[in-house]
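First the structure, in the form of structure tokens, and then the observations on it.
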Amino acid sequence: MPELPEVETYVRELAPVLLGRRVTAVRVKWPRTIAAPASEVFEQSLVGSTFSEFGRRGKYMLFGLQDGRFLVVHLRMTGKLEVVPQATAPGKHIHVIMDLDNGASVHFQDTRKFGRMWLTDNVDSVLAKLGPEPLGEAFTPDYLAERLASRKASIKALLLDQGIVAGVGNIYADEALYRARIHPSRPGGSLSHQEIAQLHAAVVALLARAIELQGSSLGTNSLQNYSRPGGQPGGFQEEHWVFRRTGKPCMNCGHPIERLVIAQRSTHFCPVCQPANPDQA
DNA sequence: ATAAGGCCCTGACCGC
DNA sequence: TGCGGTCAGGGCCTTA
């Protein structure tokens with residue numbers, strides 16, 4: 001599952017490979033991958049463009065083109081971008097192919113077909129609903145407190161809300177709540193200011209550390225295994241305290257990690273370290 | 001405005 | 001061995 005640290009790793013590794021490269025041909029094999037414009041228009045109008053700048057917003061990759069437009073890519077669950085020699089036969093789940101002027105091709109692979117691409121001269125229209133970057137100046141404890149105030153939805157669901165903070169997904173939401181010692185089912189509005197400050201600090205530290213380690217790689221199958229553009233794994237899975245550790249001992253207290261479903265997402269936590277009713281503890 | 005649930009997709013996994 | 005059913009999960013959409 002690519003979340004902010006994984007997407008950041010992608011952008012950093014692809015930037016030197018794609019900088020200055022011109023697109024010479026585009027083939028879209030699964031049209032629904034292209035959110036906008038129509039896939040035929042996407043194919044035709046991306047040809048001739050040169051990659052000139054690289055950025056990220058939340059879980060969106062931003063590939064700036066020399067003419068001022070942007071190729072925006074969201075990997076969702078199982079998307080991957082690979083740079084391969086142009087002669088490489090596309091595998092079963094390659095949905096978009098972009099040939100470059102240096103004999104390489106960019107393959108967009110996505111088993112579940114949830115990933116999306118946009119070609120736009122207005123990135124803000126794609127990113128309009130996103131909240132602040134968690135590693136940016138606008139994401140402060142006071143901001144978070146304001147957004148959580150009086151909310152009845154669980155703090156887990158609110159952390160996953162990209163309009164509150166951009167880039168946190170299922171893995172990092174669980175890990176942040178564990179580190180902040182907050183039960184994932186707690187209503188957002190019930191958190192004390194101190195708990196919000198702890199949660200804020202946990203999110204920031206966690207994401208920074210995960211970027212350092214180039215993301216989290218999980219499992220070995222094609223559905224869940226994020227890997228870096230060259231295929232190498234990230235390293236942050238070694239520092240997961242709760243995610244996908246159901247039944248294994250909490251590394252702080254020894255109690256088995258439990259699993260809940262919140263907002264239709266698997267949620268992992270330690271019931272001792274993250275009590276549901278902290279006031280009574 | 002907020003909350004909850006369905007939908008898109010496929011392959012892994014489970015039970016028989 | 002093979003088959004069918006269930007499940008995961010980000011973002012968007014609909015419903016209440």
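For the pair A:R57 CZ and C:dG10 P, the computed distance is 18 Å after rounding to whole Å. Distance, A:R116 CZ to B:dC7 P: 17 Å, rounded to whole Å. In this structure, the CD atom of A:Q162 is 15 Å from the P atom of C:dG9, given to the nearest Å. With rounding to whole Å, A:R76 atom CZ is found 7 Å from C:dC12 atom C1'. A:W30 places its CH2 atom 11 Å from the P atom of B:dC8, with the value rounded to the nearest Å. The CZ-P distance, from A:F243 to C:dA8, rounds to 11 Å in whole Å. To the nearest angstrom, P of C:dG11 lies 20 Å from NZ of A:K113. When the C1' atom of C:dC12 is taken as reference, atom CG of A:D161 falls 12 Å away, rounded to whole Å.
For the helix from B:dT2-C:dA16 to B:dC16-C:dG2, the terminal axes (five pairs an end, C1' atoms, rotation from four pairs onto the next four) enclose an angle of 50°, given to 10 degrees.
Taking 4.0 angstrom as the limit, A:S266 places a side-chain polar atom (N or O) nearer than this to OP1 or OP2 of C:dG9. An OP1 or OP2 oxygen of B:dC9 is reached within less than 4.0 angstrom by no side-chain nitrogen or oxygen of A:H93. The side chain of A:K92 places no N or O atom within less than 4.0 Å of a non-bridging phosphate oxygen (OP1 or OP2) of B:dT10. Listed pair A:H74 / C:dG11 meets the phosphate criterion, a side-chain N or O lying under 4.0 Å from OP1 or OP2.
Legend: residues meeting salt bridge (Lys or Arg N to Asp or Glu O under 4.0 Å) with A:R21, ordered by chain and number and at least two apart, are A:D101. Legend: residues meeting salt bridge (Lys or Arg N to Asp or Glu O under 4.0 Å) with A:E40, ordered by chain and number and at least two apart, are absent. In this structure, A:R259 has no salt bridge (Lys or Arg N to Asp or Glu O under 4.0 Å) partners at least two apart in sequence or on a different chain.
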Using atom types as modelled, flag every donor-acceptor pair under 3.5 Å from a side chain in residues 136-143 of chain A to any protein atom, sequence neighbours excluded.
unit_1, atom_1, unit_2, atom_2, d
A:T140, OG1, A:Y143, N, 3.0
A:Y143, OH, A:R147, NH1, 3.0
A:Y143, OH, A:I164, O, 2.7

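Distance from the side chain of A:R244 is smallest for C:dG9 among the nucleotides C:dG9, B:dC9, C:dG10. Across B:dT10, C:dG10, B:dG11, the shortest atom-to-atom separation from the side chain of A:M77 is found for C:dG10.
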All N/O pairs under 3.5 Å across the protein-nucleotides 2-4 of chain B interface:
unit_1, atom_1, unit_2, atom_2, d
B:dA3, OP1, A:K152, N, 2.6
B:dA3, OP1, A:A153, N, 3.0
B:dA3, OP2, A:R151, NE, 2.5
B:dA3, OP2, A:R151, NH2, 2.4

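For the pair A:L207/A:E3, no side-chain contact is recorded, criterion being any heavy-atom separation below 4.5 Å from C-beta on. At a threshold of 4.5 Å between non-hydrogen side-chain atoms, the residues A:V126 and A:H74 do not count as touching. Side-chain contact between A:H240 and A:H268 is absent, with no heavy atoms from C-beta onward closer than 4.5 Å.
Remark: the backbone N or O of A:R181 is not paired with any side-chain donor or acceptor of A:Q274 at under 3.5 angstrom.
In this model, no donor atom of one side chain and acceptor atom of the other lie less than 3.5 Å apart for A:D110 and A:H95.
For the pair A:F114 and C:dG10, the ring geometry qualifies as stacking, because the centroid separation is below 5.5 Å while the planes lie within an angle under 30°.
For a distance-only test at 3.5 Å, the side chain of A:R112 qualifies as a donor-acceptor partner of the base of C:dA8.
Tested against A:Y60, the residues A:L75, A:L130, A:V11, A:V123 include a single side-chain contact (heavy atoms from CB on, under 4.5 Å) partner, A:L130.
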